[in-house]
Amino acid sequence: MKTIIEPFKIKSVEPIHFTTEDERVGILAVAGYNPFLIHAEDVLIDLLTDSGTAAMSAKQWAGMMEGDESYAGARSFFRFEKAVKDLTGFRHVIPTHQGRAAEKILFSLMGGHGKFIPNNTHFDTTRANVEFSGAEAVDLPTSEGLQTALVADFKGNIDVEKLDAFIRDKGAGSIPLCMLTVTNNSGGGQPVSMKNIRETKEVLKKYNIPLILDACRFAENAFFIKLREDGYAQKTPKEIAQEMFSYADGCTMSAKKDAIVNMGGFIALNDDELSIKARNLLIMTEGFPTYGGLAGRDLEAIAQGLTEVLDEHYLTYRIRSVQYLGEKISQAGVPILQPPGGHAIYLDAKRFLPQIPADQYPGQAIVCELYKAGGIRSVEIGSVMFGKYGENGKLISPPMELVRLAIPRRVYTQSHIDYVVECILEVFARRNSINGYRITYEAPQLRHFTAKFEPL
Ligand code: F0G
C-alpha cells in the first residue's frame, strides 16, 4: 500500500517560532513548569489539545464570509440546524458557545443532589458540571479499558453489566440520564462499539432512562467502527454516525473537535419539554436560540465542518496520522496506551519513568522534558489532573499516569510528527536521569490549569 497522504493542499500558512533549548529551560521555569502557563508563541509543536486548534478549509472560510449575523432567525442558523438534524436525527438543535456550555444547560436541568450520572468515562468539564449540579458522576469503563498495554478494538466501551447492576442498586429514579463519551477521551481516545451503544440503550430502555451521547469525536468513533466492527466495512462513516445517534435521545457536542472549527458547540434533544427548558436557560446565559453564544459565521463553519469530517479520505488520514506517531515510538520501546486512539497518543508515564512515584508526578516530568527537548507542548493526565488528597493529606492517585499528545486536525504534516518522534526518543533514551516534581502552588479546583511546580 502507498503512503497515506494529507488529503489537502496548504493554502495559508502560519510561521512557528523556534527557540533554543537554553531559552526553553528559562521559559519553563518562569511558567512554574506548567505547560498551560507557557505563551503559545514559545511552543514549536503544540499538542496540548485537539480542541479548537484545527485548520479550517477554504469552504469553511468562505462560509465565514457568508455568515448571516441577524439576531433572530439568521439564515446561517437554519443551515447549521439542517446539518445537525441530518446527521443526528434529533428534533431540537440548540447552539452553544462550546461543549461545556451544553453540559451546563443539560445538568442544570437534569442533575441535582441525590442523582447519579453514569458514563463510560466523564471528561473533566462534564464531571465538573455534573458535580456542580450536586449530582455524582460515575465512570463505568470496562476492565479492558484500564489496561494500558492491552490491544483491543473497543476499549472505550461502558461496562453494560455494571451499568445494569448500578441502576438496580441506586434505583432508576435517581438516574436522570446515562452518557456515552465517543470516543472515550479520558480513557485514551478509545472508541465505543456500535454493539456497546446498542446494548447500553437496551439496558436503559428497561428503566426508561435516556441515553445522551457526548459526541465531540463522533466521526473518529464512527470510522473505528467501520474499520473494526463486523458488518460495517461497507457502510459510509455518515451512515455509521447516523446509526450511533439513532440509539440516543440526545447529545452534547463540542464542535471544536469533530466539526473542525475553532469555537462552537450544541445540545440536541428529542424531548420537547426538556428542549423548551433548555432554550429558556440558553437565553439567560448564551443567547437567543438561533445563535446561542455564536456568530452566524461560526454556525456556517460548523455546518460545513460536519460534512467534511465524514469524508473517508479525511478520516483515513486522521486515524492513520495518530497511529503513525504511536507506531514509531512504541516500536522503539516507548510505553504508550495501546492501541493508538482517534485524536491522541497517550504515553504511559508509570512505565516510562518507573523510578518516579505518583506523588512526584512522573507525567509532569515527561511533559517538561518534551518541552525542553523540542518545544513540544503536551499535557499530563494523571495525578496532577485528577489527584485528590485523603484525610491524612496523602495524595490519592487515579489508576493511570498518562501524558497526552493530542493532534490538532489538519494542522501538522508528517515531518512535524517525525520531529515529535525524534524528541520523544531522545527523552526516552535519558529516562533514567529524569527526576520528579513537587507542587508549590495549587488552586482548590481543576488545579492542573494553574498549578506551579519545582523540580526535585
Ligand atoms: N467532552 C469531551 C469528551 C471533551 O473532550 C471536551 C473537551 C468537552 C466535552 C468539553 O468541550 O472544550 O468545547 O467545552 N475537551 C478538550 C480536550 C478541552 O482537550 O480534550 P469544550
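Start at 1 and go down the list; that is how both ligands and their atoms are numbered.
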- Over 60° means perpendicular and under 30° means parallel, so classify the ring planes of Tyr346 and His343, tilted if in between. perpendicular

- Message: What protein heavy atom lies closest to atom 8 (C) of ligand 1? Include the residue and the distance to one decimal.
- Response: Phe123 CD2, 3.4 Å

- Message: Taking Lys226 first and then Glu312, would you say they form a salt bridge - that is, a charged N and a carboxylate O separated by under 4.0 Å?
- Response: yes

- Message: Among all the protein's non-hydrogen atoms, which is closest to atom 21 (P) of ligand 1, and how far away is it?
- Response: Gln98 NE2, 3.2 Å

- Task: Looking only at protein heavy atoms, identify the closest one to atom 9 (C) of ligand 1 and say how far it is in Å.
- Result: Glu103 OE2, 3.0 Å

- Query: Just distances here: any N/O of Gly99 and N/O of ligand 1 closer than 3.5 Å?
  - Reply: yes

- With sequence neighbours excluded, tell me which residues meet ring-ring contact (aromatic ring centres under 6.0 Å, His included) with Phe123. none

- Do NZ/NE/NH1/NH2 and the carboxylate oxygens of Arg409 and Glu220 come within less than 4.0 Å? yes

- What protein heavy atom is closest to atom 1 (N) of ligand 1, reported as residue, atom name and distance in Å? Asp214 OD2, 2.7 Å

- Near Cys216 (heavy-atom distance under 4.0 Å), the atoms of ligand 1 are 1 (N), 2 (C), 3 (C), 4 (C), 9 (C)

- Message: Which residue and atom name correspond to the protein heavy atom nearest atom 10 (C) of ligand 1, and how close is it?
- Response: Thr125 OG1, 3.4 Å

- Note on the structure: If you scan protein heavy atoms around atom 13 (O) of ligand 1, the nearest is Ser254 OG, 2.6 Å

- Quick check, are the ring centers of Phe132 and Phe107 under 6.0 angstrom apart? no

- Who are the side chain to side chain contact (heavy atoms under 4.5 Å, CB included) partners of Ala135, not counting sequence neighbours? Lys115, Ile117, Val130, Ser133

- Message: For Lys195, is there an ion pair with Glu202 - N to carboxylate O distance below 4.0 angstrom?
- Response: no

- Would you indicate which of Met263, Lys257, Lys256, Arg404 comes nearest to atom 16 (C) of ligand 1 when only heavy atoms are counted? Lys257

